[in-house]
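Every chain is numbered from 1, with letters handed out A, B, ... down the list of sequences.
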Protein chains: 2
Amino acid sequence: MTDQPIRLLLADDQALVRGALAALLDLEADLTVVAQVGRGDEVVAAARDYRVDVALLDVEMPGLDGIAAAAALRAHVPTCRSLVVTTFGRPGYLRRALDAGASGFVVKDTPAEQLADAVRRVHRGLRVVDPELAVESLAVGTSPLTERERDVLVAASGGGTVADIARATFLSEGTVRNYLSAAMAKTGGRTRAEAVRIADENGWLLA
Amino acid sequence: MTDQPIRLLLADDQALVRGALAALLDLEADLTVVAQVGRGDEVVAAARDYRVDVALLDVEMPGLDGIAAAAALRAHVPTCRSLVVTTFGRPGYLRRALDAGASGFVVKDTPAEQLADAVRRVHRGLRVVDPELAVESLAVGTSPLTERERDVLVAASGGGTVADIARATFLSEGTVRNYLSAAMAKTGGRTRAEAVRIADENGWLLA
DNA sequence: GCGTCGGGATGACGAATGTCATCCGCGCGA
DNA sequence: TCGCGCGGATGACATTCGTCATCCCGACGC
């Protein structure tokens with residue numbers, strides 16, 4: 001069984017975490033980290049240049065988030081499978097990661113010993129999903145927000161006034177208030193800030 | 001030069017990052033990770049039980065934040081030096097970490113190769129501070145917020161109404177509005193949500 | 001053809017919020 | 001001793017916000 005080692009790409013905006021994950025995975029004889037990037041929009045080029053088998057993608061990244069990067073990978077480098085890694089919670093990300101073509105979804109507080117195994121499973125063509133997260137994802141369900149409601153919530157996440165949001169979204173102030181009201185009703189928040197928090201915690205604010 | 005290896009404690013709430021850092025640091029011959037914890041309130045006991053030389057403390061942790069954990073370490077295990085690790089920015093954390101007795105302060109996007117060196121320096125009794133972060137810290141300066149103003153902002157960070165904040169802080173609603181107004185003036189925010197964001201980005205919301 | 005849904009907008013109204021002046025008591029430095 | 005800052009509070013006021021009804025338009029489904 002002297003197969004070629006599985007070629008890995010690490011994408012995470014924190015260099016320390018990236019390097020540490022590289023050290024962890026390089027300990028495995030059948031894995032080798034061939035590329036590291038700190039931005040989502042560098043993923044596709046690196047995956048192509050280094051003939052990457054499996055890409056580990058963090059969700060929070062500048063340039064392009066991990067889910068969008070997974071979609072771009074599927075489109076441009078179909079031989080590369082992707083495994084999305086994220087912080088705890090955010091069950092809404094799971095469904096969207098799978099829709100984007102990710103083969104696996106791992107939260108950052110799973111034991112380190114399981115990561116290499118997840119990589120191997122993904123490389124073999126299997127799907128890897130934390131079962132606990134899967135049920136949570138089903139419980140939360142898909143986003144109830146409409147596209148504009150999400151836009152307005154994103155614009156509101158900076159904490160600005162209605163006038164600020166209206167300028168950012170090119171909408172009337174009254175319309176902004178209407179969308180905010182609708183978003184608050186759908187999220188159950190009693191304040192726009194609470195609505196932003198709830199939507200963010202459920203992963204409903206990404207593109 | 002066959003000294004005893006430096007005995008390390010890792011404290012980070014994300015098990016994957018913890019394990020990865022352990023793998024990274026265990027590659028160094030003169031370092032050995034002897035304990036890992038996922039909560040700040042387990043740091044002191046672990047440092048004592050495992051005769052830890054240097055503790056790597058993440059700032060964001062349940063139970064006790066990394067800065068408070070550094071203070072507790074200095075009080076109860078003075079032989080153990082602490083190196084605080086955190087995500088980018090938050091220059092306000094630096095001053096408070098040093099005040100709490102931390103010997104070093106490293107941001108998570110420093111290259112992985114530098115971490116082991118930082119650990120060695122701290123163990124030798126030197127201070128380790130990212131110079132870029134130091135000037136940023138001086139620029140931001142110390143928090144202009146008074147203690148109650150901070151309390152109110154923390155209570156407001158959930159996005160609740162004034163009544164919620166008043167209940168949480170055992171203050172009158174009018175008083176809450178006064179403190180919010182003062183905090184908004186000092187942070188430059190035009191909304192309470194904006195004030196919360198600005199204060200959080202500057203690291204002014206910790207204990 | 002008609003009902004429904006989403007995007008966009010207007011106007012009105014009550015409640016919540018932000019601002020300010022003012023008051024009290026306490027501790028602390030000059 | 002006096003002033004000043006901070007904690008805490010009250011009351012008034014203008015603005016903003018959240019809610020709702022209502023309207024127009026285009027796209028779908030049936």
Side-chain angles (χ1 to χ4, degrees), chain A residues 92 95-96 99 141-202 204-207, chain B residues 92 95-96 99 141-202 204-207:
Chain A
R95 149 70 41 80
R96 301 234 309 292
D99 288 349
T142 185
S143 171
L145 299 174
T146 188
E147 192 180 346
R148 288 299 175 286
E149 288 162 1
R150 189 186 54 76
D151 289 343
V152 171
L153 276 190
V154 169
S157 66
T161 70
V162 171
D164 295 334
I165 305 169
R167 263 190 302 277
T169 54
F170 304 100
L171 291 175
S172 163
E173 297 193 14
T175 306
V176 167
R177 290 216 296 261
N178 287 345
Y179 282 132
L180 282 177
S181 190
M184 288 162 62
K186 289 182 178 177
T187 57
R190 285 153 35 248
T191 307
R192 88 176 88 178
E194 201 171 2
V196 167
R197 184 177 56 80
I198 293 172
D200 185 42
E201 286 174 355
N202 287 334
W204 293 339
L205 292 190
L206 269 83
Chain B
R95 151 69 40 83
R96 300 237 309 293
D99 289 348
T142 184
S143 169
L145 300 174
T146 189
E147 190 181 346
R148 287 298 174 286
E149 288 163 1
R150 190 187 52 76
D151 289 345
V152 171
L153 276 190
V154 169
S157 66
T161 70
V162 170
D164 295 335
I165 304 170
R167 263 192 302 278
T169 55
F170 303 103
L171 291 176
S172 163
E173 298 193 13
T175 305
V176 168
R177 291 214 298 261
N178 289 144
Y179 283 133
L180 283 177
S181 190
M184 287 161 63
K186 289 181 179 177
T187 56
R190 283 150 43 245
T191 307
R192 86 177 83 172
E194 201 172 359
V196 167
R197 182 176 56 78
I198 293 171
D200 186 41
E201 287 173 355
N202 286 334
W204 295 339
L205 292 189
L206 268 84

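Using a distance-only test at 3.5 Å, with no hydrogens or angles considered, a donor-acceptor pair links the side chain of Asp164(B) to the main chain of Thr161(B). The backbone N or O of Ile165(B) lies less than 3.5 Å from a partner atom in the side chain of Thr169(B), making a donor-acceptor pair. Judged by distance alone, with hydrogens and angles left aside, the side-chain atoms of Lys186(B) form a donor-acceptor pair with the main-chain N or O of Pro144(B) at under 3.5 Å. With Glu194(A) contributing its side chain and Arg190(A) its backbone, the two residues share a donor-acceptor pair below 3.5 Å.
Glu149(A) places its CD atom 9 Å from the C1' atom of dG6(C), with the value rounded to the nearest Å. Atom P of nucleotide dG6(C) and atom CG of Leu145(A) are separated by 12 Å, given to the nearest angstrom. Counting to the nearest Å, the P atom of dA16(C) and the CG atom of Leu180(A) are 17 Å from each other. In this structure, the NZ atom of Lys186(B) is 6 Å from the P atom of dC6(D), given to the nearest Å. Going from atom OH of Tyr179(A) over to atom C1' of dC17(D) covers 18 Å, rounded to whole Å. dT17(C) atom C1' lies 10 Å from atom CZ of Arg192(A), rounded to whole Å. Between the P atom of dG7(C) and the CD atom of Glu173(A) lies a distance of 20 Å, rounded to the nearest Å. Between Glu194(A) atom CD and dG18(D) atom C1' the separation is 14 Å, expressed in whole Å.
For dT19(C), the OP1/OP2 oxygens have no side-chain nitrogen or oxygen of Arg177(B) closer than 4.0 Å. Phosphate contact (OP1/OP2 of dG8(C), side-chain N/O of Thr175(A), threshold under 4.0 Å): absent. Contact annotation: Arg148(B) reaches the phosphate of dG8(D) (side-chain N/O to OP1 or OP2, under 4.0 Å). Listed pair Arg190(B) / dG18(C) fails the phosphate criterion, with no side-chain N or O lying under 4.0 Å from OP1 or OP2. The side chain of Thr146(A) places an N or O atom within less than 4.0 Å of a non-bridging phosphate oxygen (OP1 or OP2) of dG7(C). Residue Ser172(A) places at least one side-chain N or O closer than 4.0 Å to OP1 or OP2 of dT10(C).
Between the OG1 atom of Thr187(A) and the CG atom of Leu153(A) there is a distance of 7.0 Å, given to the nearest 0.5 Å.
Of the candidates dA9(C), dG7(D), dG18(D), the closest approach to any side-chain atom of Ser181(A) belongs to dG18(D).
Between the base of dT22(C) and the side chain of Asn178(B) there is no donor-acceptor pair shorter than 3.5 Å.
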